[in-house]
Every structure is written in structure tokens, then in C-alpha cells.
Trainee: 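Shown below is the structure under consideration.
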Amino acid sequence: MPLILCHSPKGGVGTTFLAAHLAIFLARQGHEVAALDFTYQDALKLSFGLLPTQQLPEILNPAFDPVVVAGVELFSAYGLRHGRDLTDLFGRENGAFFNRSKIFIADVAAGDRDMKEMLLPHAMLHICALHPRPGSLAALTKIQPGTATIELPKTVFVLNHIDDTHRLSRHTHLFLTHLFGDRLIGTVRRDEAVNEAAAMFEPLDRFAPNSVALADLARLAAAVQRHCDLVVSADERP
Amino acid sequence: MRIDAATLLARLGRDGMPYREFGDAFADVELWPIFEALLKDERVMGPPRSKLATRELGKEARNWASDQKQAFDNGGMFKTYSPVPDRKEGEADIRQFLSDLTKRADDGRP
């Protein structure tokens with residue numbers, strides 16, 4: 001049950017956007033995927049074209065009706081506040097819901113360091129989104145107190161919102177490439193179509209199929225697959 | 001050519017327009033103070049290495065700067081948007097290079 005934890009110490013860098021589209025692309029590759037929204041903001045569903053008024057089922061609620069969009073099961077996990085909740089979440093077997101091959105992608109708010117710390121031991125991979133801006137770069141000092149950022153064993157980085165017409169953006173890309181090497185697992189170019197699609201309550205691939213961000217997201221998903229050695233089992237193949 | 005540039009030129013009916021991507025001059029890839037601050041921060045880079053460890057990592061790091069200049073001269077800046085090169089083997093060497101770079105900044109050398 002691979003868990004991919006999406007969390008950045010800096011808010012507003014696109015963590016939710018990346019979590020949602022990683023889920024979509026992995027589902028498109030044939031994986032079983034569930035996306036868990038641990039945030040109070042409840043914004044994960046917007047990337048799937050859902051309305052703010054549409055509620056996601058609580059993950060630990062046995063009476064839930066699953067919401068499935070683009071092949072991804074969507075859940076709210078904001079109600080999980082304790083380690084015991086996580087033990088229930090990851091420790092129990094429940095037939096159709098939990099299976100060993102389903103990928104769980106957790107979207108955790110920047111300010112929710114407690115939840116990030118609770119999830120990290122269970123995670124196969126921690127994806128930290130960055131912006132090519134000083135505030136986001138400075139937050140590289142805050143990812144895991146006690147461990148140097150360049151030595152974090154489970155953490156990879158995605159540079160989001162790059163714009164090669166901007167000098168600092170280009171230089172940041174170069175700097176991070178050489179700082180992190182292949183742990184800079186992906187880059188996503190800034191595209192206003194991302195915001196427009198969300199404002200239209202439409203998935204990005206439907207609203208703007210030529211968006212440069214989509215090509216970048218596809219490469220990111222492929223890189224995550226390789227990094228985690230995610231293989232679609234024979235049972236999951238369409 | 002990038003997909004968005006090709007799409008735009010196609011829409012304008014200028015498919016034959018010569019298109020060239022310009023890379024940053026190596027000298028322009030300056031050490032922004034924010035980069036320097038991160039390189040000096042032990043929370044990012046870890047504690048300073050011992051002299052023995054530094055000496056053992058020294059050789060290959062010195063080639064990094066000339067490799068980068070060659071990459072830029074070949075218009076390689078935008079090629080970094082392609083899959084990131086595997087730098088696992090050179091990661092420690094990068095740290096040595098960055099350590100040298102910081103020291104040079106401290107000494108006021110370019």
C-alpha cells in the first residue's frame with residue numbers, strides 16, 4: 001500500500017495541485033489510486049472539477065459512498081487527528097477498500113507539520129513542492145529539523161511554477177538541479193490555464209489540453225513511478 | 001522546440017520561422033545571496049566536513065564549473081528542462097564544489 005506524502009513547509013507552492021495530478025496520471029497508467037485530502041482548505045477536489053459544495057467522504061467512515069473521478073478515489077482525511085486514527089487507517093484490512101497495490105496520495109497542508117510527521121514513517125515517498133521564489137527557497141531549511149535537507153532519505157523535490165522568461169526562475173532551476181541531482185524529480189511550468197481550469201471547475205486536461213503543465217505533470221508521474229518502482233499488477237491492467 | 005512555442009508559431013502561420021533558444025551566459029548565473037545563504041546553512045547542507053573527507057572529495061568537484069560552462073556554451077540551459085541528469089555519484093562532489101564556492105564568496109573572490 002504505497003503512500004506518497006505531498007507536503008511542503010511553504011504554503012501556496014502547488015502541493016495540492018501536484019498531488020491531484022500525480023493521482024490522475026498514475027490512475028491513467030492503470031494503478032489503483034486514492035487521494036486523501038488532509039487539509040482544512042478542502043481544495044484537492046477542485047483539481048478534479050468538483051464544486052466547493054461537493055463533500056468528499058471521510059476516509060474512516062464505514063458508511064461512505066466513494067467519489068471516483070478520473071479513476072481516482074477521493075477522500076477527506078481532515079478528521080484524522082491522532083496517531084490512533086492512522087493506525088486504524090493503515091493497520092486494518094477491509095477487503096475491497098484496502099489492498100496491497102492501491103497507491104495512496106496524501107495532500108497535507110504546509111502548516112500541518114504534526115500530520116506530516118505522523119504520516120512520514122508510513123510513506124514510501126515524500127514529495128516537497130517548491131517555487132522559484134526566495135520564500136520557498138528559504139523554507140528548504142525547515143523540511144526536517146535535525147536532518148540536512150540534502151540528506152533526507154525519502155524526500156524528493158518538484159520545482160513548480162517555473163517561468164524561463166524570469167531570470168531568478170531559470171537560475172533557481174539550475175541551482176536546485178545541481179543541489180539535489182536526481183532528487184529534483186520534476187519541474188512544472190507556470191501556466192495560467194491551471195487557474196482558469198480550476199475557476200471553470202474543469203479538469204485541466206479537458207479545459208486546456210495543450211497546457212504545458214500537462215506535459216510536465218506526465219513526466220513527473222513517470223519519474224515517480226520509476227523512483228518508487230510502481231508496477232501495475234496484472235489484476236489492475238485495463 | 002518547446003511544445004507551446006511550436007503551437008504558437010503554427011497558429012500564426014509562421015511554421016518556417018527560425019527559432020532559437022538562448023541560454024544564460026555562464027557569468028550571468030550569479031550566486032544570488034539566497035543561494036549563498038542556503039549553501040552556508042547547515043540545516044540544508046549538513047555540518048561542515050572534516051578536512052580529510054573534504055580532501056577525498058576534492059578532485060572531481062573542480063571539473064564541475066568547466067562542465068557547466070561548456071553546457072551553457074552549447075545552449076544547454078534549456079536542456080536542463082529535460083530529464084534531470086543522474087548525479088547520485090557526483091552528489092558528494094557537488095557539495096565540495098558548493099563548499100569551495102562559499103569559501104570564495106567569503107574571501108571576496110569572484
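Just so you know, these numbers use all the heavy atoms, side chains as well, and skip hydrogens, waters and symmetry mates. A, B, ... follow the sequence lines: proteins, then strands. Residue 1 opens every chain.
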Trainee: Would a line drawn from the ring center of A:F17 to the ring center of A:H21 be shorter than 6.0 Å?
Mentor: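 Yes, ring centres under 6.0 Å apart.
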Trainee: Any idea which of A:L168, A:L140, A:T147, A:I143 has the most non-hydrogen atom pairs under 4.5 angstrom with chain B?
Mentor: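 Counting heavy-atom pairs under 4.5 Å, the top option is A:L168.
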Trainee: Between A:Y78 and A:F38, does the ring centroid distance fall short of 6.0 Å?
Mentor: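 Centroid distance A:Y78-A:F38: not below 6.0 Å, so no.
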Trainee: Where does A:T172 contact chain B at under 4.5 Å (heavy atoms): side chain, backbone, both or neither?
Mentor: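 For A:T172, backbone and side chain are both near chain B.
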Trainee: Measure from NZ or CZ of A:R183 to the centre of the six-membered ring of A:F180, then state whether that distance is under 6.0 Å and the direction lies within 45° of the axis.
Mentor: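 That pair does not qualify as a cation-pi contact.
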Trainee: With A:V188, which of A:I162, A:N160, A:L214 fulfils side chain to side chain contact (heavy atoms under 4.5 Å, CB included)?
Mentor: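 Exactly one pass, corresponding to A:N160.
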Trainee: Quick check on A:L176 against chain B: is it the side chain, the backbone, both or neither that has a heavy atom closer than 4.5 Å?
Mentor: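 Neither part.
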